[in-house]
**Q** 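There's a structure below that I have some questions on.
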Amino acid sequence: GAGVSQSPSNKVTEKGKDVELRCDPISGHTALYWYRQSLGQGLEFLIYFQGNSAPDKSGLPSDRFSAERTGGSVSTLTIQRTQQEDSAVYLCASSPPGQGGYGYTFGSGTRLTVV
Amino acid sequence: ILNVEQSPQSLHVQEGDSTNFTCSFPSSNFYALHWYRWETAKSPEALFVMTLNGDEKKKGRISATLNTKEGYSYLYIKGSQPEDSATYLCAFVSGGSNYKLTFGKGTLLTVNP
């Protein structure tokens with residue numbers, strides 16, 4: 001596609017429910033990243049996928065968070081048993097191979113609200 | 001933990017004013033410094049990628065400078081317009097993990113007509 005596509009753009013969920021956020025990166029971009037911005041905070045790194053390498057999961061805040069990337073393309077971020085502190089804007093980004101340090105192309109994000 | 005600080009947190013200016021904001025970052029193990037512009041409900045838009053000490057970059061009325069030895073970058077907007085209203089983010093990339101951007105909290109700029 002022309003850009004990084006994320007869905008849904010907004011999600012309201014009840015505390016304790018599971019949610020799935022989807023990211024469709026730019027075709028040919030082998031690197032994919034998830035970040036989130038909680039209220040009053042900067043963008044926080046969550047996870048990085050690069051090709052077939054093991055992902056860098058060092059930013060995932062708890063074991064309720066997981067992410068997959070199928071076929072080297074679409075990625076799904078899953079949050080189980082959501083808590084109110086999970087409310088944030090979740091951004092996905094992609095970059096060409098080896099170019100992450102020179103900048104990403106971001107999607108427009110999913111705003112998650114846990115009530 | 002890498003510390004990236006931006007100031008001010010928010011700024012209100014009048015149309016036509018010039019303004020600038022600061023990003024400070026670790027002065028060791030530098031790889032790159034990024035500036036992004038983020039409007040609500042839109043994707044963050046890349047403004048500049050800066051890699052060399054003393055770099056100055058310009059894009060229309062917006063420019064940025066970089067000092068890697070002292071660990072700061074300035075973003076300047078000349079003759080602010082209402083459409084410049086956005087959050088301006090800087091992000092530091094360390095040589096230790098040169099794919100991961102560590103962001104500051106941003107400067108929220110509001111330009112009043």
**Q** For atom CD of Gln9(B), decide whether the heavy atoms of other residues, nucleotides or ligands shown that lie under 6.0 angstrom number more than 12.
**A**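 Count not over threshold, so no.
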
**Q** Could you tell me whether the side chain of Ser27(B) reaches within less than 4.5 Å of the side chain of Thr68(B), counting heavy atoms only?
**A**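 Sidechains of Ser27(B) and Thr68(B): no contact.
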
**Q** Among Asn10(A), Thr105(A), Asp56(A), who wins on heavy-atom pairs under 4.5 Å with chain B?
**A**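 Among the listed options, the one with the most contacts to chain B is Asp56(A).
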
**Q** Side chain, backbone, both or neither: which part of Ser58(A) has a non-hydrogen atom closer than 4.5 Å to chain B?
**A**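 Only the side chain of Ser58(A) comes within 4.5 Å of chain B.
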
**Q** Within the supplied structure, the quantity of interest is the number of heavy atoms (other residues, nucleotides, ligands) at a distance under 6.0 Å from Glu14(A) CD; does it exceed 12?
**A**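 Counting other residues, nucleotides and ligands, CD of Glu14(A) stays at 12 neighbours or fewer.
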
**Q** Look at Phe45(A), Phe106(A), Tyr35(A) and state which one has the largest set of heavy-atom pairs under 4.5 Å with chain B.
**A**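 If we count pairs closer than 4.5 Å to chain B, Phe106(A) comes out on top.
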
**Q** Side chain, backbone, both or neither: which part of Gln6(A) has a heavy atom under 4.5 Å from chain B?
**A**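 Gln6(A) has no heavy atom closer than 4.5 Å to chain B.
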
**Q** Given a strict heavy-atom distance threshold of 4.5 Å, which part of Ser94(B) is in contact with chain A: side chain, backbone, both, or neither?
**A**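 Neither part, no heavy atoms under 4.5 Å.
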
**Q** What class does the angle between the rings of Tyr74(B) and Tyr76(B) fall in, given that below 30° is parallel, 30 to 60° is tilted and above 60° is perpendicular?
**A**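 The arrangement is perpendicular - the two ring planes meet at more than 60°.
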
**Q** So with a 6.0 Å cut-off around CD of Glu39(B), is the heavy-atom count from everything else above 12?
**A**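 Buried by this count: over 12 neighbours within 6.0 Å.
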
**Q** Pick one of side chain, backbone, both or neither for Lys100(B), based on which atoms fall under 4.5 Å of a heavy atom in chain A.
**A**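 The answer is both parts of Lys100(B).
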
